[in-house]
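Just so it is clear, the structure is predicted and the values come from calculations on it, not from any experiment. Start at 1 with the first residue, then count along the sequence.
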Amino acid sequence: MPAERTLAMIKPDATSRNLIGKIIAHYEAEGFEVVGLKRLRLTLDDARAFYAVHAERPFYDSLTEFMSSGPICALVLQRDNAIVHLREVMGATNPEEAAEGTIRALYARSLEANSVHGSDAPETAVTEINFFFSEEELL
C-alpha cells in the first residue's frame, strides 16, 4: 500500500502542558513523517466549522469551546496505512479505555481533554487536511 496522509491535531490540554515535542516524537517513532505542521489557535467559529459533523451531538458546544480555549498543533502525517495506524497509536477516545503506551493513555486528562485528534477515514482526512493546509504547505 502506498504512503497515505492523515491529519493529526494536538489539542489545547496537551499544548498547554508543553507536550507537543513528546507527542510528535511518539508519531515519528511509529514511522510517521511530518509533512505539515502549524501551531495556531482556533476561533470558536473555526472549531464549529471543523467539528460541524458533530453539530447535533450533545457534546458539540463543549467540544468547540474546549478546542478554541487555547493553541492547537495541526499536523499532516504520512506513512503506509497512516489513518488506521494513527488511530491505534492515539488509543481509545476515552483515556480510561486506551491501551497502555498509547498517546491518550499517557497524556489525556478526560474524555474531552484527550490530547489528540486523528482523521477516521480517507475522505475525512482529505477534508481535515484541507481545512488547515494548502497543498503548497505540505512538503
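Applying the salt bridge (charged side-chain N to carboxylate O under 4.0 Å, His left out) definition to pairs two or more places apart or across chains, none involves residues 111-124. Within the structure, salt bridge (charged side-chain N to carboxylate O under 4.0 Å, His left out) pairs that include any residue of residues 57-72 do not occur (at least two apart or interchain). Residue pairs meeting the ring-ring contact (aromatic ring centres under 6.0 Å, His included) criterion with at least one member in residues 119-139, sequence neighbours excluded, are Phe50-Phe131, Phe50-Phe132. Here side chain to side chain donor-acceptor pair (under 3.5 Å) pairs that include residues 42-51, with residues two or more places apart or in two chains, are Thr43-Asp46. Here ring-ring contact (aromatic ring centres under 6.0 Å, His included) pairs that include residues 54-95, with residues two or more places apart or in two chains, are Phe32-His85, His54-Phe59. Residue pairs meeting the salt bridge (charged side-chain N to carboxylate O under 4.0 Å, His left out) criterion with at least one partner in residues 128-139, sequence neighbours excluded, are Arg5-Glu135, Lys38-Glu137.
Scanning both residues, Ala108 and Asn114, for their nearest heavy atoms gives CB-CA, 3.4 Å. Here the shortest heavy-atom pairing between Leu77 and Ala82 reads O-CB, 4.4 Å. For Ala98 against Thr102, the heavy-atom pair with the smallest separation is CB-OG1, 3.5 Å.
Under a 4.5 Å side-chain heavy-atom cut-off, the cluster of Ile, Leu, Val, Met, Phe, Trp and Tyr residues that includes Leu111 has no other member.
Here the side chains of Ile10 and Ser115 are not in contact, with every heavy-atom distance at 4.5 Å or above.
For Asp13, the salt bridge (charged side-chain N to carboxylate O under 4.0 Å, His left out) test picks out Arg17, with sequence neighbours left out. Under the rule for a side-chain contact (heavy atoms from CB on, under 4.5 Å), Arg41 has no partner lying at least two apart in sequence or in another chain.
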Exercise. What do the steps show when you test His117 against Met67 for side-chain contact (heavy atoms from CB on, under 4.5 Å), and what is the final call?
Worked result: CA-CA 11 Å; His117 165 90; Met67 290 301 296; 5.8 Å; no
For this session: Go through the steps to decide whether Glu33 and Arg79 satisfy the test side-chain contact (heavy atoms from CB on, under 4.5 Å), and finish with yes or no.
Result: CA-CA 6 Å; Glu33 176 186 5; Arg79 63 159 275 159; over 6 Å; no
